[in-house]
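Notes follow once the structure below has been shown.
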Number of protein chains: 2
Amino acid sequence: MTAPTGRRERKKAATRQKIADTALRLFLERGYEAVGIRDVAAEADVAVTTLFAHFPSKEALVFGQDQDFERRLTQAVTDRAPGEPLIPALRREVRALVGHCTGEGAAPVWRMIDASQTLLDYEKAMRLRHAESLAAAIAADLGLPPDTTACRTVARFVIDAYSLAREAADPETALDEIFRMIEAAWAVARPSGDPAGTTAP
Amino acid sequence: MTAPTGRRERKKAATRQKIADTALRLFLERGYEAVGIRDVAAEADVAVTTLFAHFPSKEALVFGQDQDFERRLTQAVTDRAPGEPLIPALRREVRALVGHCTGEGAAPVWRMIDASQTLLDYEKAMRLRHAESLAAAIAADLGLPPDTTACRTVARFVIDAYSLAREAADPETALDEIFRMIEAAWAVARPSGDPAGTTAP
DNA sequence: TTCCGAAAAGCTAACCGGTAGTGTTACGGT
DNA sequence: ACCGTAACACTACCGGTTAGCTTTTCGGAA
């Protein structure tokens, strides 16, 4: 059990990948709601229980590969250049994340997601969970208790920015406007001191 | 079909009320997850299909009576005293709504809700839908197109304020802080002109 | 008053996402 | 060579939700 580096892990990863790929293909072909779990399992040639051993829910088949989001946001806080102000760093990362969705070959997937209320709700709930991590990261970065109101608030606002920009007709402009608002909100929220510049370039 | 004013309507309302009351009682007695739809239907002496004719989902049995929320927020915008600035009006209403949850005899219900991830997720999704109505009301009040970014953004922020304050240890203080942030955000967001004062008393 | 149409409520039977319980296989480490 | 365990499979089941169809109940026109 010390270093399980071998065929077993590869097989497991392969099964997981096959399930995810099959699911996404079927969902795109026939629509998310029109495809049942049993369809996916059969097409991927695994048992239903196996599918649920890899993914906790049907929705996770779509969003499962997306642990990045949370990590990238928290890293945007923790790994930013020393002395760089917080909000612009987040702004840059959110811009990248939004661009990653709206552009590229991801369009059909997002069209599918936008067509399913179930998936949209799941995504929003997920993002709210991400907001809690982000709030914790921000609080830690400032040496504050993790449930500080200002940090939790600004984290929510940042998640809102992502969500709203993704829906906007012109994501870039929307993002600019929303982050101007967040910047102002953060400026008056700062609990104590001014450790890292309030103004944006 | 011209003026259906009679016993039929009363009976329907009574059935709905009986279902809601029964459901809430059972949920409080045994816990939300521990009570099945079939239990509620049997105890209310109606068929399962009848139950679903009145409520679109199990969660709606808990939140169904809560159309107020949306209405009160939008009315806080539309019915405010002429010349009264927007944000303080919303602040007052949100404060009242939060107080309505944290205080009063509503405590057991909210303890039940907080104990169920399903209900919490449902509530958040519902609030996000409310944010859209609020955004529309704000935009209309300012004579702007309903999908204006600034309006949608501030509406989200207001919903966040409600949500965060409800979770906070000290809701009053949290609300003060969050609304200071919203006030600042709104001040820099205003698209064109200044039809109704930026500053709060 | 009587009868008709429609709304409300009911019953049956299922669908679908998800889980429990119980093996069975195949791999990794000893 | 062998044992422990992780991955997978199979069956049966649960709980929320819906479809299809019948029965009851009321409102209003004839």
Side-chain angles (χ1 to χ4, degrees), chain A residues 1-20 22-24 26-27 30-64 116-123 125-126, chain B residues 1-24 26-27 30-64 116-122 125-126:
Chain A
M1 192 197 281
T2 48
T5 60
R7 177 159 27 203
R8 202 120 103 182
E9 285 204 332
R10 267 181 292 124
K11 284 207 173 183
K12 180 174 183 176
T15 301
R16 186 191 152 94
Q17 196 59 41
K18 185 172 185 181
I19 294 171
T22 305
L24 196 57
L26 292 184
F27 291 158
R30 309 183 206 161
Y32 177 77
E33 328 273 3
V35 178
I37 284 288
R38 284 152 180 91
D39 300 330
V40 176
E43 185 86 7
D45 200 33
V46 296
V48 173
T49 47
T50 301
L51 187 155
F52 280 110
H54 287 272
F55 298 89
S57 70
K58 187 186 180 186
E59 296 89 24
L61 287 169
V62 175
F63 291 106
S116 160
Q117 194 56 51
T118 308
L119 286 176
L120 285 172
D121 287 353
Y122 183 87
E123 198 214 344
M126 193 175 62
Chain B
M1 191 200 280
T2 48
T5 60
R7 178 156 27 199
R8 201 116 114 186
E9 284 201 331
R10 265 181 293 123
K11 284 210 171 181
K12 181 173 182 179
T15 302
R16 187 193 152 95
Q17 197 58 41
K18 184 171 185 183
I19 294 172
D21 292 349
T22 305
L24 196 56
L26 292 184
F27 291 159
R30 310 183 206 161
Y32 177 76
E33 328 272 3
V35 178
I37 284 288
R38 290 160 179 89
D39 300 329
V40 176
E43 186 86 6
D45 199 31
V46 296
V48 173
T49 47
T50 300
L51 189 155
F52 278 108
H54 286 273
F55 298 90
S57 70
K58 187 186 182 185
E59 296 89 13
L61 287 170
V62 176
F63 291 107
S116 160
Q117 193 57 50
T118 309
L119 285 176
L120 285 172
D121 287 352
Y122 183 88
M126 194 176 58

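The sequence lines fix the lettering, A, B, ..., with proteins before strands; numbering per chain opens at 1.
Summarising the geometry, the separation between NZ on B:Lys58 and C1' on D:dG15 is reported as 8 Å, rounded to the nearest angstrom. Across the protein-nucleic acid pair, B:Leu26 atom CG and D:dG16 atom P stand 12 Å apart, rounded to whole Å. Separating the CG atom of A:Asp39 from the P atom of C:dG18 is a distance of 14 Å, rounded to the nearest angstrom. Regarding B:Asp121, its CG atom lies at a distance of 16 Å from the C1' atom of D:dG16, rounded to whole Å. In this structure, CG of A:Leu119 is placed 12 Å from P of C:dG17, rounded to the nearest angstrom. For the pair A:Ile19 CD1 and C:dG18 P, the interatomic distance rounds to 14 Å; values are reported in whole Å. Rounded to whole Å, atom C1' of D:dT17 lies 11 Å from atom CG of B:Leu51. Counting to the nearest Å, the C1' atom of C:dG17 and the OH atom of A:Tyr122 are 14 Å from each other.
One finds a side-chain N or O of B:His54 lying less than 4.0 angstrom from the OP1 or OP2 phosphate oxygen of C:dA9. Close to D:dC26, at under 4.0 Å from its OP1 or OP2, lies a side-chain N or O of B:Lys11. Contact between the side-chain N/O atoms of A:Thr15 and the OP1/OP2 oxygens of D:dC8 is found at a separation under 4.0 Å.
In this structure, A:Lys58 is not positioned above the aromatic face of A:Tyr122 in the sense of NZ or CZ being under 6.0 Å from the six-membered ring centre and within 45° of the axis.
Taking only side-chain atoms of B:Ala47, from C-beta outward, the nucleotide of C:dG18, C:dC11, D:dG16 with the closest atom is C:dC11. Checking D:dT17, C:dG18, C:dG10 against the side-chain heavy atoms of B:Thr49 singles out C:dG10 as nearest. Set against D:dT18, D:dA9, C:dT19, the side chain of A:Thr50 has D:dA9 as its closest nucleotide.
Nearest-nucleotide assignment on DNA chain D puts the 5′-proximal partner with A:Arg38, out of B:Tyr32 and A:Arg38.
Between A:Ile19 and A:Arg16, every side-chain heavy-atom pair lies at or beyond the 4.5 Å cut-off.
The closest side-chain donor-acceptor pair between B:Glu33 and B:Ser116 falls under 3.5 angstrom.
Nucleic acid contact class of B:Val46 (heavy atoms, under 4.0 Å, all strands): sugar-phosphate only. Residue contacts shown for B:Asp45 are limited to sugar-phosphate atoms, with no base heavy atom under 4.0 Å away. Contacts of B:Val35 with the nucleic acid, taken as non-hydrogen atoms under 4.0 Å apart, involve only primed sugar atoms and P, OP1 or OP2.
The closest donor-acceptor contact from the side chain of B:Arg30 to the backbone of B:Val35 lies at 3.5 Å or more, if one exists at all.
Interatomic distance, A:Thr22 OG1 to A:Asp45 CG, rounded to the nearest 0.5 Å: 9.5 Å.
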